[in-house]
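Quick notes on the structure that follows.
Since the model is a prediction, treat every value here as computed from it, not as a measurement.
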Amino acid sequence: MTADGGPELVQLLTPEGERVHHPDYDVDLTPDQLRGLYRDLVLVRRVDTEATALQRQGELGLWAQCIGQEAAQVGSGRALAPGDFAFPTYREHGVAWARGVAPLQLLSLFRGVTNGGWDPHEHNMALYTIVIGDQTLHAVGYAMGMQRDDDDSAVICYFGDGATSQGDVNEAFVFAAVYNAPVVFFCQNNQWAISEPLERQTRIPLYRRADGFGFPGVRVDGNDVLAVLAVTNAALAAAREGQGPTLIEAFTYRMGAHTTSDDPTRYRVAADLEAWKLKDPIERLKVYLARSGKADHDFFAAVEVEAEEMAVALRDGCRALPDPAPASMFDHVYSEPHLLVESERATFETYHASFAPALDEGAHGDPRGPAASHVGVGGGH
Amino acid sequence: MTADGGPELVQLLTPEGERVHHPDYDVDLTPDQLRGLYRDLVLVRRVDTEATALQRQGELGLWAQCIGQEAAQVGSGRALAPGDFAFPTYREHGVAWARGVAPLQLLSLFRGVTNGGWDPHEHNMALYTIVIGDQTLHAVGYAMGMQRDDDDSAVICYFGDGATSQGDVNEAFVFAAVYNAPVVFFCQNNQWAISEPLERQTRIPLYRRADGFGFPGVRVDGNDVLAVLAVTNAALAAAREGQGPTLIEAFTYRMGAHTTSDDPTRYRVAADLEAWKLKDPIERLKVYLARSGKADHDFFAAVEVEAEEMAVALRDGCRALPDPAPASMFDHVYSEPHLLVESERATFETYHASFAPALDEGAHGDPRGPAASHVGVGGGH
Amino acid sequence: MAVTTMAKAINAGLRKALEDDPKVLLMGEDIGKLGGVFRVTDGLQKDFGEARVIDSPLAESGIVGTAVGLAMRGFRPVVEIQFDGFVFPAFDQIVTQVAKHNARSSGRTPMPITIRIPYGGGIGAVEHHSESPEAYFAHTAGLRVISPSNPVDAFAMVRQAIACNDPVVFFEPKRRYWDKADVDLTADIASATSPFEARVVRPGGSVTVACYGPMVRTCLEAATVAAADGTELEVIDLRSLSPLDVPTVAASVRRTGRLVVVHEAPVFLGMGAELAARITEECFYSLEAPVLRVGGYHTPYPPSRLEEDYLPDLDRVLDAVDRALAF
Amino acid sequence: MAVTTMAKAINAGLRKALEDDPKVLLMGEDIGKLGGVFRVTDGLQKDFGEARVIDSPLAESGIVGTAVGLAMRGFRPVVEIQFDGFVFPAFDQIVTQVAKHNARSSGRTPMPITIRIPYGGGIGAVEHHSESPEAYFAHTAGLRVISPSNPVDAFAMVRQAIACNDPVVFFEPKRRYWDKADVDLTADIASATSPFEARVVRPGGSVTVACYGPMVRTCLEAATVAAADGTELEVIDLRSLSPLDVPTVAASVRRTGRLVVVHEAPVFLGMGAELAARITEECFYSLEAPVLRVGGYHTPYPPSRLEEDYLPDLDRVLDAVDRALAF
Ligand SMILES: Cc1ncc(C[n+]2csc(CCOP(=O)(O)OP(=O)(O)O)c2C)c(N)n1
Ligand SMILES: Cc1ncc(C[n+]2csc(CCOP(=O)(O)OP(=O)(O)O)c2C)c(N)n1
Ligand SMILES: [Mg+2]
Ligand SMILES: [Mg+2]
């Protein structure tokens, strides 16, 4: 497997910021749209670095960085029409951005105040899915639903290179092919699944997996927002026109760790990172915009300012995110009353009430608090 | 999908019994070997029809017929070297035959006296696997074991067209490709998974699934024992030489029902069956042997007699298969003593002993027997 | 009223659900032309089309996983798992997604999915076709688990399961598919008992016997035999395993002082364990004997020639009743 | 003797197993260069090579399924599941194959497979990283299920699991990975207690408290607090969940008359249910209170900011002890 993605790589913007052409794919964007993409990329990266910092400060339990993958996410996310629906993994911050999910909603998950964060129906984007591959079948099912609703929208489904080994992902390929479902499979091949290099998942390029299931596969430069947009546009159009699924492999590299818990120095070589820095998705668009006169210094400066302001707001918002009420864990286990949950909730509330007045001033008692106090006030022992 | 398997079909013996040649595959067999294959096919079919009859007579709970698939099974099974290892589904009676598993051992499973039937190590053939696809991963694991033992044997793994949709089967492809495991995936595409036609599992020919995982796939006429033997020989040789997995799709048709519980008239058209009868794997070999003078009438008659004698022995053997001792169900749950199983076994034995003398003369009590008697002898009520 | 088998009653229930709500879909292996291996979906694809009665690829995880997506899109998928032993490839999707979506999304993407599973033994089948895996699902928060014991309940409960906004694992006692009863096929579910409540199917004062699914008939037969001996069993058909209707059982045990729980599933960590623990806690001073359990053993389901030795039967129920009375 | 964390003790145990038996293999995601996300396999690939410490494709069913084949070939695979919540894709292979192979083959193809699962909460993780799925496995005949609570046991038990000819699901209490103790890293397993036996870790006469894995430390802390109040808890570390060492618990309960069972897993159909049912049956006349259970609720594991409210803690244990004493 070639480090540069090989000759089959669809590219419209070189790492040096040169606009090149491809026989099959193209985009025709106004300067405004191009600047919009640049702004997206910068702001998404700023969300990512801010969240990483917040994790270091103890405000988040974890953060899954997307640095380096912004073009793959923004390019594909911006290709979607409002009626389309996106199924993410846990790292699609750029897609969430494009779907209008507020960054703070992403942070709420990683802070541990919710296992969700937004309304999937409001943004036409499913919640993050942490168990590798599970969402690919949901995506196909949702696309089957569109077929039954005679809705000519399409679904896009994200997953990583590692995920391609999961049975569910391959079953999703089977179902999508058999039902000719309007779904675009979007694989961000960042060449690592935590510490495991691509060779642990496949011996041929991943876009060719589609050959085995009878639908087209294409490999795109995942650091080239224009090429990603073009390729995704084409795949979505095919899906809408009843041609069924496409597999897009976005060849990219995550410049950060797997998550803030990870230490990539144990398995990746520093030289790789340096090489990929030269292919940075933001830098190349900036060079192109500047050289072609489509954006000037003021524009870039304004985006920086906006990013900085957003970061401040995000930081403040994150710190202010309230913990949920303890009993809320019983709220949505079922959508209709369930005897056991109701009785456990009642017990829980009675138990908590027994501590509250004497020892716990806060709205939501910390049950660890009274522990030591048991020694002091415990009656029965 | 073409009804005749398409131009890619490897064939060495036409349905009319004509010996044809293929640029990539060939076999060079002595008349003795050819007659041996014929005998295999006839005897395997006889096992199948006899078992079907025994099921109708109530001697078996179920039987999964292989009629029509004998060439695929015998051809591939006879390609194996003694050190190779086979992983079957529940229908590989012809493979079992080739591995020296006594037909009665197969019947014991379907009679319900065991969930196994033979010693996998004695025959280098795993037990039948009923849950679709599970065995494919076992096969890859076993092949990984051969790699670690520096044993240049190979594994063959059987599954059906329906099974190709299962996640496990595709994971098996991933693992085999990544580890370059010496395994031959042998898919008998009989074009139906119970009532579901191939289109419910794939939109392209199944042998092409291998393309998506980076190893060769080949479609062979599954009713042509010579072609199956040739193709399997080649795949096994490649595996032994360190070239990793191959997917063989044996294009065939099961002329019987899915199992004796099934009613294929609900979903298959009679014309298909008639068309496939003309492609019968036994008939074409018989014609070839006769026309080429490699076998004479006496030989064919002797095989018939042998088949008939075997059938009689099988029938008698089946009827004489003893039910296992009831308490044997506790025997191999664990291979070392387990407190719970031991205590349940003790309770079970005490309980059964309480009925035995008064009411149950047989060696193994029928617990239904004493039920009514409870009215008569029940003490406590 | 029509004399109807349980299989046909479920078929009629599915048909009504398909008629009443265009969002109801059926998915599974061989449920179309074949009508399912037990013919429970017989004729439905013909009448409702392939878009609503869907023959799926042979992949249980795929079936349940796509049902999740369809539910997110507003459909009410009814999934058939062909046999009990084949539900495990779908276990991840069921436990990780179906069960947790409503909580994860704070109620925004409920999962009105019904997972139909023919379960239990007694039909002389090969391995994996006779298991009782209900405890795995009842242990899983977010799932509801119910099981009818007779055609009348089956007709109502399958529709109630489909109408429920929560995922329901619907266990069909396959060896009772051919049991017959008078079923009012015009009955409305609005007037039916909640499927999440137990029912006293035979009152009696000596010993309470709690059971469900295939064992209800066995326990009723045991009650008849016991009555001839002067022991009056109060037989409770639990009907729902999650939630478990503990109050109904507790009320009975407070009168009888004795409880026997019967199921085909292995005793160890089976439903009887939970019921025993709870009833003992709630009725501690009423119990004159420990709760006794009758069920499968801690073994894989044995080869069919041994299943009569494995499955609880009338004698084993009565034996436990005797033991409870002997305390 | 060396002061060793539990994670390091397991690492040392794995190392010894690899040294002692060339048939032992390690398989899992990220267990090679990374040494596992908890570093439990740190350094082992370097020392034993890629053929014996195998970084697997990202597919749990594949990992367990290939382990089955390797076991048939005579190897003793030790499989790592990265986190509790990721075991479900492998559930079919575990329940259908690993658990049943020995019975199916009448003992000819035993499954000496160890499945290591870091489990439980308390580490502030995102969803699926804090679950306690042990009951699913303990309910499954053919599997053994054990869980160490401290470094000394961890060092012995992981080797005992690997040496066992049956499949063992080895639950590692991840929040205790960093707990330290003096471990004799030369100790032989021949002299160690059977991993399938419970151990009284603190004797006491008032109330028996049975627990395992991460809850043992919590219960010992509770015992210290209770002792200051004059209540003597007898704390039993169950260590094994299948088999469950009922005799040891019963012997204790016959003395104390009271039992509280504590685990992180949901109470409903959790290990406490089985222990309560069995102890009540065996010790009916000794019990002065019903067996009480402290555990997780019937909810998905909540977002981490609520986990302290979800997990049993010292207070909840003592509350149950109080309630048991109040009967
Ligand atoms: C079923 C499952 N197994 C294991 C994990 C632990 N895990 C989280 S991310 C990850 C690697 C994913 O790699 P890839 O699919 O390439 O996505 P990436 O993180 O590189 O974006 C693993 C193994 C998981 N979340 N789910
Ligand atoms: C996991 C699983 N799901 C469902 C079944 C029920 N079943 C048994 S055979 C079969 C069809 C298999 O079709 P195929 O793989 O083509 O093999 P064939 O029977 O045609 O030889 C099905 C659905 C099963 N055994 N296992
Ligand atoms: Mg990756
Ligand atoms: Mg088939």
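Looking at C/H298, the atoms closer than 4.5 Å to chain B (heavy atoms on both sides) sit in the backbone and in the side chain alike. Residue B/I194 touches chain C through both its backbone and its side chain, counting heavy-atom pairs closer than 4.5 Å. For chain B, no part of C/E307 is nearby; none of its heavy atoms comes within less than 4.5 Å. Looking at B/V341, the atoms closer than 4.5 Å to chain C (heavy atoms on both sides) all sit in the side chain, from C-beta outward. Neither the backbone nor the side chain of B/R345 comes within less than 4.5 Å of any heavy atom in chain C. Neither the backbone nor the side chain of C/S61 comes within less than 4.5 Å of any heavy atom of chain B. For B/Y334, the part sitting under 4.5 Å from any heavy atom of chain C is the side chain, from C-beta outward, and nothing else. Heavy atoms of C/E232 lying under 4.5 Å from chain B are absent altogether. For a residue to count as touching a neighbouring chain, one of its non-hydrogen atoms must lie under 4.5 Å from one of that chain's; by this rule B/D168 does not touch chain C. For chain B, the nearby part of C/F86 is the side chain; its heavy atoms alone come within less than 4.5 Å. Contacts between C/Y301 and chain B at a heavy-atom distance below 4.5 Å involve the backbone alone (N, CA, C, O). With a 4.5 Å cut-off on non-hydrogen atoms, C/S206 does not touch chain B at all. Neither the backbone nor the side chain of C/R323 comes within less than 4.5 Å of any heavy atom of chain B. For B/H258, no part lies near chain C; criterion is any non-hydrogen pair under 4.5 Å. Only the backbone of B/A163 comes within less than 4.5 Å of a heavy atom of chain C; no side-chain atom from C-beta onward does.
In terms of heavy-atom pairs under 4.5 angstrom with chain B, the leader among C/H128, C/E127, C/E60 is C/E127. Between chain B and the options C/K33, C/E29, C/R316, C/R305, heavy-atom pairs under 4.5 Å are most frequent for C/R305. For chain C, the option among B/T347, B/L340, B/L62 with the highest count of heavy-atom pairs below 4.5 Å is B/L340. Of all the listed residues (B/E196, B/R200, B/Q166, B/M329), the one sharing the greatest number of non-hydrogen pairs under 4.5 Å with chain C is B/E196.
The CD1 atom of C/I54 sits 7.5 Å away from the OG1 atom of C/T66 when rounded to the nearest 0.5 Å. Here the straight-line distance linking atom CZ of B/R209 with atom CD1 of B/I204 works out to 7.0 Å at 0.5 Å rounding. Separation of atoms CH2 (B/W192) and CG (C/D30) is listed at 10.0 Å; rounding is to 0.5 Å.
Residues C/R217 and C/E221 are paired through a salt bridge, judged by an N-O separation under 4.0 Å between the basic side chain and the carboxylate.
Using the six-membered ring where Trp is involved, B/H93 and B/Y128 have ring planes that are tilted, between 30° and 60° apart.
Within 6.0 Å of atom CD in B/E342, more than 12 heavy atoms from other residues, nucleotides or ligands are found, so the atom counts as buried in its surroundings.
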Given ring-ring contact (aromatic ring centres under 6.0 Å, His included), test C/F83 with C/F38 step by step and report yes or no.
CA-CA 10 Å; C/F83 280 91; C/F38 292 106; 5.3 Å; yes

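A 4.5 Å side-chain heavy-atom check between C/E234 and C/V207 finds every atom pair outside the cut-off.
For the residue pair B/T89/B/E92, the side-chain donor-acceptor check at 3.5 Å is satisfied. Residues B/R319 and B/Q57 bring a donor and an acceptor atom of their side chains to less than 3.5 Å of each other.
Here the closest non-hydrogen pair linking B/Q201 and C/P57 is OE1-CA, 3.5 Å.
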